[in-house]
Enquirer: 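One structure is given below, represented as structure tokens, and several questions about it will come after.
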Amino acid sequence: MATIAKSGAVKGPPVPSIVTKIVNSLRDLSNTLLIPALAILTAILVGSVMILLAGRDPIAAYTGLVEGAWLEPRGLVQSLLKTSPLILSGLAVGFAFKGGLFNIGAQGQLIVGSVAAAWAGYAFSGLPSWLHIILAMGAAAIAGALWGAIPGALKAYSGAHEVITTIMFNFIASRIAEWMISLGSADGKIPAGPLADPNSGAISRTKPVLDSARLPVVFEVPPPSVPNLNIGLFIAVAAAILIMLLVNRTTFGFELRMVGLNPSAAQYAGVNVKRMTISTMAIAGCLAGLAGAVQTLGINGYYEANQSLGLGFDSITVSLLASNNPIGIMFSAFMFGSMDQGTTRMQRSGVAPELILVIQALILMFIAAPQIIRWLYRVRVSGKGGQKLSTGWGQR
Amino acid sequence: MDILGLTITTGAVIATLNATIRQAIPITLGSQSGLLSERSSIVNIGIEGMMLMSAFSGYMMNSYLSGSDISTFADDNMRLGVCVLVGVLTGGLMGLFHALLCIRYKVDHIISGTVVNILAAGVTGYFYNAQTETKGKIPPLISNPWEKGDFLYNVGAVLFDKDIITYLTFVIVGFIAFALFRTVWGLRTRSIGENPRAADTLGINVYRLQYTNLFFSGALAGLAGAYLTLADVGVFERGMTAGKGFIALAVMIFGKWHPVGALMGALLFGFLTALQSQLQFFGIVVPHQLVALIPYAVTVIVLAGFVGRARPPAHVGQAYEVE
């Protein structure tokens with residue numbers, strides 16, 4: 001051992017010192033963070049112009065945004081609560097992208113997961129809490145996985161494109177969920193949906209989840225604030241790390257990336273592309289289903305129509321913003337969750353919440369087209385340029 | 001009673017057919033928009049946003065010109081014409097914006113389309129003011145020439161009493177079908193969709209053709225948006241396109257990237273959507289949510305079973321670098 005190390009030290013190229021290594025990695029880090037930072041800054045500046053156009057005060061609006069999202073315990077907890085499902089649904093999109101599939105269906109998979117979690121959450125009583133939570137999360141994961149696997153199978157065996165089928169499955173999921181929790185007609189001709197809560201007043205929603213299935217609280221906000229931080233966030237972070245390991249460290253992940261880069265080459269190399277397509281979509285659906293469970297068991301305590309409206313589409317942006325990197329998705333999800341939370345406070349200064357959408361769109365655009373940022377700020381950054389995700393419509 | 005039953009049925013049939021056309025128009029225009037773009041090798045999932053933005057700009061223009069202090073546009077038709085034009089131009093500019101990101105900045109087409117969609121939802125939602133008021137919408141172009149009670153009146157009730165955009169949509173589909181397969185422009189467009197390198201070698205200015213086609217693609221989505229606020233619904237609501245742009249893409253694939261095929265798909269989808277609101281008039285009692293999912297389920301079944309492996313333009317979705 002010693003001789004090998006010695007000869008290596010003599011013959012090999014000069015080993016860079018620790019200091020050079022640190023300097024280099026810091027330079028890399030600043031290079032990778034410079035474009036996103038400038039992108040966010042520019043988007044905020046454009047947002048200020050829009051606030052001024054509406055005759056409001058940008059400083060007050062942004063101060064409100066930051067205060068509402070981060071500077072109060074209640075706001076911060078809310079931001080983190082909103083981050084948890086976004087991480088999971090962002091992973092659902094990002095994971096599918098790694099396998100060359102565009103999963104617009106996170107929305108539907110999320111709804112199916114929410115409903116399944118709510119059902120399992122109230123239908124079984126007398127279970128110990130840990131078992132009940134696993135059961136409810138499992139129900140959501142399976143429901144989401146099935147809802148994702150169907151478009152995957154359709155793609156694999158009939159060539160129906162997943163962009164279209166997952167969008168259709170979003171509509172179908174939300175209609176079925178609406179029916180399941182509908183209260184029926186007043187004259188009794190149309191019966192109430194199978195999961196509807198007859199004691200909810202006039203609100204269509206499922207029966208409330210039993211306490212044994214609610215996610216345990218890890219941090220209590222001082223009263224009078226109600227929502228507490230639960231383990232949902234940790235489930236989401238664990239999922240992100242697991243997905244990162246799955247994609248980068250396993251044979252399955254290697255095959256997944258191979259199919260994503262070039263399905264024909266993967267097929268030639270002996271990968272079963274059809275099976276990969278189905279399992280990729282199933283895992284993506286499973287993640288989105290868990291996102292729904294985290295929302296239902298951790299936040300609402302029941303499934304209510306439109307409780308996750310827009311979350312599925314936010315998750316696309318969350319994933320794209322992080323270049324589909326599971327670890328990056330945690331941060332972009334936190335940014336989106338915070339923005340979402342902060343808007344309530346921002347609205348007090350008379351600024352419409354849709355401003356956040358404009359800022360999000362601009363950030364995405366500047367990150368996807370870094371040349372604009374380089375041109376604006378005259379910075380030279382060594383980078384790969386735009387990322388490539390889609391392989392067109394019909395390449396497998 | 002039988003006769004009474006029959007008259008009710010006739011009325012329901014006419015209502016269903018009219019609703020079919022009403023539903024199909026924006027989707028048809030959207031599918032033609034997607035087609036022009038994809039035939040030029042650029043994926044356009046931003047149709048939804050382009051529609052929404054144009055629906056908004058056309059509506060806001062109508063609201064502005066409806067103001068009492070503007071006397072130039074005393075003529076309603078003139079005013080609405082200008083508004084439609086504004087909507088179409090808005091769409092065209094959005095199309096150019098999408099093209100700029102895809103061609104000049106080599107942004108992934110899906111990302112660029114997503115940017116367009118979110119931007120449109122944000123901008124329209126931000127500047128929309130619920131108190132906005134307008135004066136009316138586009139009147140029917142030709143009114144039913146037959147007398148009520150005449151059998152032909154029923155036919156006329158479907159054929160006539162429609163606004164100009166409805167008729168224009170059918171003309172546009174025919175025109176695109178002709179132009180795409182019978183003109184030099186069509187040949188060039190199809191060639192850059194299949195193999196831009198070969199087209200470039202033959203002296204076709206690939207980028208210029210892509211920009212031109214994307215302008216028209218956006219303009220068609222813009223016309224669809226203008227139809228929504230100026231002819232169909234008459235008012236703007238936040239997120240009023242409600243997935244029509246995506247359904248238009250489904251319909252485009254359903255029609256295998258052919259203008260007439262896409263029109264057929266849009267009519268089928270429109271019919272299924274119309275049926276859902278008419279079913280109760282036929283006396284069928286089912287939870288409306290379950291009826292509402294039929295068009296989406298049928299789209300999936302048709303896509304998976306009947307269309308099968310549709311072949312898109314070969315180069316769609318990939319950036320082309322001129323050498």
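Bear in mind that the values here come from a model prediction, so they are computed numbers and not experimental data. We name chains A, B, ... by the order of the sequence lines, and we start the count at 1 in each one.
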Enquirer: Answer with side chain, backbone, both or neither: which region of B:Ala242 has an atom nearer than 4.5 Å to a non-hydrogen atom of chain A?
Expert: backbone
Enquirer: Side chain, backbone, both or neither: which part of A:Ile150 has a heavy atom under 4.5 Å from chain B?
Expert: neither
Enquirer: Please flag which part of B:Ile294 lies under 4.5 Å from any non-hydrogen atom of chain A: side chain, backbone, both or neither.
Expert: neither
Enquirer: Any chance you could measure B:Leu290, atom CG, to A:Met180, atom CE, to the nearest 0.5 Å?
Expert: 9.5 Å
Enquirer: Under the ring-ring contact (aromatic ring centres under 6.0 Å, His included) test against A:Phe171, which residue among B:Phe269, B:Phe246, B:Tyr296 passes?
Expert: B:Tyr296
Enquirer: Provide the closest heavy-atom pair for A:Ala160 versus B:Ala304 in the form atom of the first, atom of the second, distance.
Expert: CB-CA, 4.0 Å
Enquirer: Give a yes or no on this: more than 12 heavy atoms of other residues, nucleotides or ligands lie within 6.0 Å of atom CZ of A:Phe102.
Expert: yes
Enquirer: Shortest non-hydrogen contact from B:Gly122 to A:Glu354?
Expert: O-CB, 3.5 Å
Enquirer: Please name all residues satisfying ring pair (Phe, Tyr, Trp, His ring centres under 6.0 Å) with A:Phe95, sequence neighbours left out, ordered by chain then number.
Expert: none
Enquirer: Highest number of heavy-atom pairs under 4.5 Å with chain B: which of A:Leu53, A:Ile356, A:Val351, A:Leu355?
Expert: A:Leu355
Enquirer: Among B:Ile247, B:Thr299, B:Leu293, which residue has the highest count of heavy-atom pairs closer than 4.5 Å to chain A?
Expert: B:Leu293
Enquirer: Which atoms of B:Leu119 come close to chain A, meaning under 4.5 Å heavy atom to heavy atom: side chain ones, backbone ones, both, or neither?
Expert: both
Enquirer: When you measure from the side chain of B:Tyr105 to the backbone of A:Phe366, do you find a donor-acceptor pair of N or O atoms at a distance under 3.5 Å?
Expert: no
Enquirer: Side chain, backbone, both or neither: which part of A:Ile167 has a non-hydrogen atom closer than 4.5 Å to chain B?
Expert: side chain
Enquirer: Can you give me the closest heavy-atom contact between B:Val107 and A:Ala369, atom names plus distance?
Expert: CG2-CB, 3.4 Å
Enquirer: Take B:Leu101 and A:Met365 through the side chain to side chain contact (heavy atoms under 4.5 Å, CB included) test and state the conclusion after the steps.
Expert: CA-CA 8 Å; B:Leu101 288 181; A:Met365 180 181 92; 3.9 Å; yes
Enquirer: Using non-hydrogen atoms only, which part of B:Phe127 is less than 4.5 Å away from chain A: side chain, backbone, both, or neither?
Expert: side chain
Enquirer: Looking at every heavy atom in both B:Gln289 and A:Ser182, which two are closest together, and how far apart are they?
Expert: NE2-CB, 3.4 Å
Enquirer: Could you look at A:Leu154 and say if it's the side chain, the backbone, both or neither that has a heavy atom under 4.5 Å from chain B?
Expert: side chain
Enquirer: Out of B:Arg238, B:His315, B:Arg104, which one racks up the most heavy-atom pairs below 4.5 Å with chain A?
Expert: B:Arg238
Enquirer: Would you mind checking which part of A:Thr317 comes under 4.5 Å of any heavy atom in chain B, side chain (CB onward), backbone (N, CA, C, O), both or neither?
Expert: side chain
Enquirer: Could you state the interatomic distance from CG (A:Leu320) to CG (B:Asp108), rounded to the nearest 0.5 Å?
Expert: 8.0 Å
Enquirer: Check B:Ile110, B:Ile118, B:Thr114 against A:Ile316 for a side chain to side chain contact (heavy atoms under 4.5 Å, CB included) and give me the one that passes.
Expert: B:Thr114
